[in-house]
Amino acid sequence: MSVATQDNAASVGRVGRTFVYLTLLLFALFYLLPFFIMVVNSVKPLSEITGGNMMALPQEWTIAPWLSAWSTAQIGVEPTGLRPYFWNSIRMVVPAVVICTIIGALNGYVLTKWRFRGDTIIFGLMLFSCFIPFQIVLIPMARILGILEIAGTTTGLVLVHVVYGIGFATLYFRNYYAAFPTELVRAAQIDGAGFFQIFYRILLPSSGPITVVCVIWLFTNIWNDFLFGASFASGDAAPMTVALNNLVSSSTGVKEYNVHFAGAILAALPTLLVYIVAGRFFVRGLMAGSVKG
Amino acid sequence: MGFLDINHVTKSYGNVEVLHRVDIAVEEGEFLVLVGPSGCGKSTLLNMIAGLEGITSGEISIKDRVMNGVHPSKRNIAMVFQSYALYPNMSVAQNITFGLEMHGTPKPEREKALKDVASLLQIDHLLDRKPGQLSGGQRQRVAMGRALVRNPDVFLFDEPLSNLDAKLRVDMRTEIKKLHQNLKTTVVYVTHDQIEAMTLSTRIAVMFDGYVQQLGTPKEIYDTPENVFVATFMGSPAMNVVPAKVEMVDGVPHAKVARAEGDDALLAFAQDNMSEWAGKDILLGIRPEAITDPEGADRDSNCIVTLANRVGVTEPSGADTFVTMTLGGKDVIARMRADTTVQVDEMFDFAVNMEKAVAFDPQTEARIKA
């Protein structure tokens, strides 16, 4: 009897599993559809898009739209392509992410291993900073950038993103280090290691997963930001997102949809790359704090 | 002045004093065990010696040098933690030499020290591994290696064996003792396990509620506990403490205790000073091994008293058989030889070695001294 019921259970499982996988497949296709359309239309001539089906594969393959989007398309008034703005974004994202991660890790280290009176209040305030809507700070931030004379520059944008990013970075590292055994820090103290030596030699080497989480999070957010980019860096200093908007909404001439699609993919590519390269650490990092306890 | 002096030391968190005026002088080469239930302040005291916690008042000095406010790394101490606290990202060799590196010891010396310690602890073959690849016992050795390599004045152990399984714990206990016998270093060792305390120490400080209840050699602590807490905390099974009344019979003080049936038994005291307590209530403390079968009684004792009582429960443990009976309204455990034939619910003649009995004042719970 037991064999029969087991057999039964297995076959029910198989039907159920097939159903689950079919559903998943369907959803995956559904979510991939927009990306498919973007890719397909970015490699066909404009005439094929305006004249026919957006879903169809190109009859004539071309990378001209990509080249145009990258180096010759009209952004605002200059025919520069997205290239200079891409580098703007890189120059904004990389320093901002590096600075945020370093400061966040240090904050997390101090808030968990060098506790002081009022540390929870400070952490609470930092946490609070994560949830202040961007719109609220626009005008005060503009004033501060003006005073510092970095308004309208990439440096200004770096500052803005650092200010916003530190809250999140601190939150990540604090929660991660809270689960890090304090006895290790004490052992290192007895061994004679100082504040920074303990940080570099003991904590940082164990911080891989949370660093990846923090970097992915910050990179994606800062790269994708439009509001600050549009508000604080106009013209030549604009980041990729603002340039893409300028490309798509420039009102002169024909709408080159294929170039727009190519530009949009270019704008999304770095975050996509970061996910693909570091994505498997992402889940691992998110889990690390919760499971270890 | 001792080698390690703890002088009038107290510790407070806000208004709460958790450690009350501790005075302990540890001689060079001593193995001092701080033992007590959790929350008694033993780990706090150890951390204060290590410099990981501040001293509220009083003084701690090592080799006549006052250590208050001195950084842990400058006290020339080494500590073994309960969780071993091995650096997970470093190899065993790096773990062991990290302290030397931080103190600026040149590399050739570090290598030599590492080699010596590794062969002493027999961990030569593990030096390239990461702590995550080691078993509990191996981690324990590495943690001790990290402490040994610095050649410190004082070793501090914070419950180092409590994460090991029972068998390994006994083995490592013996190894620690062996190590101490060979190296003759000064050790302060914290544990909640009274057997570890008894077996390892040259002196024990029994702590409870932030007070040192008694400081003495294992034998002193075991045979002449200062109070009921020490008596019942040390020893397994615990000392039997039963209410009794002192009565003079033929000029000899006797303890009158109620038997299982409700009638009284008289046990003659070996100590004459108990006559001063004639007619008064006391608490009578007898260790399980002082209540035996008549043949198993201590031949050197001059004061074996026979006590007939009804047997409640028998628990053979292999080496001994523990017999529970009711005395003075409490369960009293007797330790018999393994093959003694004892029938449950039958009367049995227990032999009580009254030389080993102690009496406590029921008001203060302090031992009545001779």
Can you tell which part of Leu156(B) gets under 4.5 Å to a heavy atom of chain A, answering side chain, backbone, both or neither? neither
Portion of Gln82(B) that has a non-hydrogen atom of chain A nearer than 4.5 angstrom: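 Both backbone and side chain.
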Inspect the surroundings of [atom1] in [X] and state if more than 12 heavy atoms from other residues, nucleotides or ligands are less than 6.0 Å away.
| X | atom1 | result |
| --- | --- | --- |
| Asp165(B) | CG | yes |
| Tyr200(A) | OH | no |
| Lys177(B) | NZ | yes |
| Phe116(A) | CZ | yes |
| Ile121(A) | CD1 | no |

Would you indicate whether the side-chain heavy atoms of [Y] and [X] approach each other to under 4.5 Å?
| X | Y | value |
| --- | --- | --- |
| Glu183(A) | Met79(B) | no |
| Ser83(B) | Leu184(A) | no |
| Gln94(B) | Arg201(A) | no |

Please give me the minimum heavy-atom distance between Gln189(A) and Leu52(B), naming the atom from each residue. OE1-CD2, 3.9 Å
Heavy-atom pair of closest approach, residues Ser73(B) and Gly192(A):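 Closest approach of Ser73(B) to Gly192(A), heavy atoms only: CB-CA, 3.2 Å.
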Distance, nearest 0.5 Å, that separates CG of Asn89(B) from CD1 of Ile202(A): 6.0 Å
Passing candidate, side-chain contact (heavy atoms from CB on, under 4.5 Å) with Ile190(A), options Arg150(B), His71(B), Arg75(B), Arg146(B): Arg150(B)
Using the rule given for side-chain contact (heavy atoms from CB on, under 4.5 Å), can you reason through Tyr87(B) versus Asp191(A), listing the C-alpha separation, both sets of side-chain angles and the distance that settles it, and then say yes or no? CA-CA 11 Å; Tyr87(B) 311 127; Asp191(A) 271 344; 2.8 Å; yes
Chain A interface, residue from Pro152(B), Ala50(B), Pro72(B) that has the most non-hydrogen pairs under 4.5 Å: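 Highest number of pairs under 4.5 Å: Pro72(B).
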